[in-house]
Amino acid sequence: MAKTPKRVAVTGAAGQIGYSLLFRIANGDMLGKDQPVILQLLEIDNEKAQKALKGVMMELEDCAFPLLAGMTAHSDPMTAFKDADVALLVGARPRGPGMERKDLLEANAQIFTVQGKALDAVASRDVKVLVVGNPANTNAHIAMKSAPNLPAKNFTAMLRLDHNRALSQVAAKTGKAVGGIEKMVVWGNHSPTMYADYRFATVDGQSVKDLINDQEWNANTFLPTVGKRGAAIIDARGASSAASAANAAIDHVRDWVLGTNGKWTTMGVPSDGSYGIPEGIVFGFPVTTENGEYKIVQGLEIDAFSQERINLTLNELNEERAGVAHLLGQ
Ligand code: NAD
Ligand code: LMR
């Protein structure tokens, strides 16, 4: 018997990432090849954006995806998030000329406050929320705080693109296939302060750290390459990463829903106090997932270099959180 369709809400649906993301969701890449989906697409209340969204929907129709059981266009999160099982919060205000980081934080904080409240009011009580829009960790924190009637653990931020970038860099360095690498971790914020950590990683069962055996490469090539990859792509393409970001969003939600079979991945999740990260800070952690739930991998040794890197990215998240505290009534 066919499964009941899942409702997937996507914000910023007419944007760059949306254009790579929606077709893959409708193709069953995210929730499974036997799982029908209904797309509930949110764009800003602006004629140009809504018209562009209609165009994307026409193309979705023209793909005749067997799993696409329906789709609707919205300009109000209260209708877009109604009964949503999954919400991908992609739409956010990008940094414009003359804008300071603080201005971006504030503009987006307002968007994610409104959207968190709407999720709280109308989404499925089990909704799985992935925040992609930057600054992703802090936006996820804001949405979570704005939705007190939903479990905090339902709110996550996307570190998976950083995780995938780290895998590819390590594969290139070791000359091994990317698919053989396990136990990669990216700690912290989706920003250049993130700490991509291959100390526990193995490739085809061998220790990556032993194979590379080059702390200078780790500190001065690997970490800056992964940390600044987003900027390198903007520089090369004249636009920020879109297909790889959409791919990472698919990976994140697919693993959350369908499980990792004991393998590690990275998700930005509200801390439960693990590794000394204050509770509620949305932080990149190594996780395993099973039956639709993630668990932070416990008991990893944090050496002095790693602690310093973790403190750096945590300090940045604390600053971001302080910058929006007034909007959350804190
Ligand atoms: P884009 O500008 O092409 O598209 C964003 C879309 O969001 C636009 O169509 C805009 O109209 C819409 N939008 C803005 N505010 C909205 C709101 N309140 N409600 C609904 N829609 C809204 O941008 P993009 O390239 O698709 O990137 C989207 C976001 O994802 C950016 O913040 C970008 O920095 C971020 N990003 C994050 C990662 C990550 O790894 N976490 C990776 C790449 C990009
Ligand atoms: C990325 O990592 O590619 C995105 O977050 C875009 C950016 O602003 O770097």
Side-chain angles (χ1 to χ4, degrees), residues 9-22 40-57 73-81 87-96 99 101 104-119 129-140 142-143 146 156-166 168 186 188-194 196 224-253 266-268 282 284:
V10 181
T11 76
Q16 286 204 91
I17 294 176
Y19 196 68
S20 288
L21 182 60
L22 301 177
Q40 303 183 170
L41 306 174
L42 181 69
E43 257 299 339
I44 49 173
D45 192 6
N46 156 301
E47 202 182 322
K48 195 162 161 237
Q50 289 293 326
K51 192 170 169 208
L53 178 56
K54 290 284 166 6
V56 176
M57 292 169 78
H74 303 264
S75 57
D76 180 353
M78 288 293 281
T79 58
F81 296 156
L88 302 176
L89 308 188
V90 179
R93 172 135 175 231
R95 200 202 288 233
M99 274 181 91
R101 186 182 178 78
L104 182 65
L105 261 178
E106 185 127 342
N108 283 327
Q110 271 152 11
I111 294 175
F112 287 84
T113 308
V114 170
Q115 294 188 354
K117 284 183 179 159
L119 286 164
V129 182
L130 169 62
V131 176
V132 174
N134 280 320
N137 297 52
T138 296
N139 289 340
I142 292 165
S146 306
T156 67
M158 194 162 93
L159 270 291
R160 184 61 175 262
L161 181 52
D162 312 302
H163 179 98
N164 289 347
R165 287 167 172 167
S168 286
V186 182
N189 198 8
H190 172 66
S191 88
T193 66
M194 74 184 79
T225 301
V226 175
K228 295 184 192 154
R229 187 70 161 186
I233 288 167
I234 293 172
D235 186 46
R237 240 169 62 80
S240 66
S241 64
S244 55
N247 179 65
I250 296 274
D251 285 351
H252 177 117
V253 176
T266 300
M267 289 171 69
V282 178

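Treat the numbers as computed from the prediction; the structure is a model and nothing was measured. Whatever order the structure lists ligands and atoms in, that order sets their numbers, starting from 1.
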## Note on the structure
Numbered in order shown, the ligand 1 atoms found under 4.0 Å of a heavy atom of Ser241 are 42 (C), 43 (C)
### Query
Which ligand 1 atoms are under 4.0 Å away from a heavy-atom of Gly12?
6 (C), 7 (O), 12 (C), 20 (C), 21 (N)
### Message
Using the side-chain contact (heavy atoms from CB on, under 4.5 Å) criterion, which residues pair with Thr79? Sequence neighbours excluded.
### Response
His74, Asp76
Which pairs of nitrogen or oxygen atoms, taken one from ligand 2 and one from the protein, are under 3.5 angstrom apart?
residue, atom, partner, partner atom, Å
ligand 2, 2 (O), Arg165, NH1, 2.9
ligand 2, 2 (O), His190, NE2, 3.2
ligand 2, 3 (O), Arg165, NH2, 2.8
ligand 2, 3 (O), Ser241, OG, 2.7
ligand 2, 5 (O), Asn134, ND2, 2.9
ligand 2, 5 (O), His190, NE2, 2.6

### Query
Which heavy-atom pair separates Ala73 from Gln50 by the least distance, and what is that distance?
CB-OE1, 4.4 Å
### Task
Number the atoms of ligand 1 from 1 as they appear, then name those within less than 4.0 Å of a heavy atom of Gly91, with their elements.
7 (O), 13 (N), 22 (C)
### Query
Hey, which atoms in ligand 1 end up nearer than 4.0 Å to a heavy atom of Val90?
28 (C), 29 (C), 30 (O)
### Task
Heavy-atom distances under 4.0 Å are what count here, so tell me which part of Gln115 touches ligand 1: side chain, backbone, both or neither.
side chain
### Query
Above 12 or not: heavy atoms from other molecules or residues under 6.0 Å from CZ of Arg165?
yes
### Message
Out of Val10, Ile17, Leu161, Leu130, who is nearest to atom 30 (O) of ligand 1 when you count heavy atoms only?
### Response
Ile17
### Task
Please check if the side chain of Thr266 supplies one atom and the backbone of Arg160 the other of a donor-acceptor pair under 3.5 Å.
no
#### Entry: Nitrogen or oxygen of His190 less than 3.5 angstrom from that of ligand 1
yes
### Task
Show which atoms of ligand 1 fall inside a sub-4.0 Å distance from at least one heavy-atom site of Ser240.
25 (O)
### Query
Numbering the atoms of ligand 1 from 1, which are under 4.0 Å from a heavy atom of Ala245?
42 (C), 43 (C)
### Query
Can you find a non-hydrogen atom of Arg93 under 4.0 Å from ligand 1?
no
## Note on the structure
Candidates Ala52, Ala246, Gly15, Ala157; heavy atom nearest atom 4 (O) of ligand 1 found on Gly15
### Query
Which ligand 1 atoms, with their elements, are less than 4.0 angstrom from a heavy-atom of Ile111?
15 (N), 18 (N)
### Task
Under 4.0 Å from a heavy atom of Met158: give me the atoms of ligand 1 that qualify, with their elements.
39 (C), 40 (O), 41 (N)
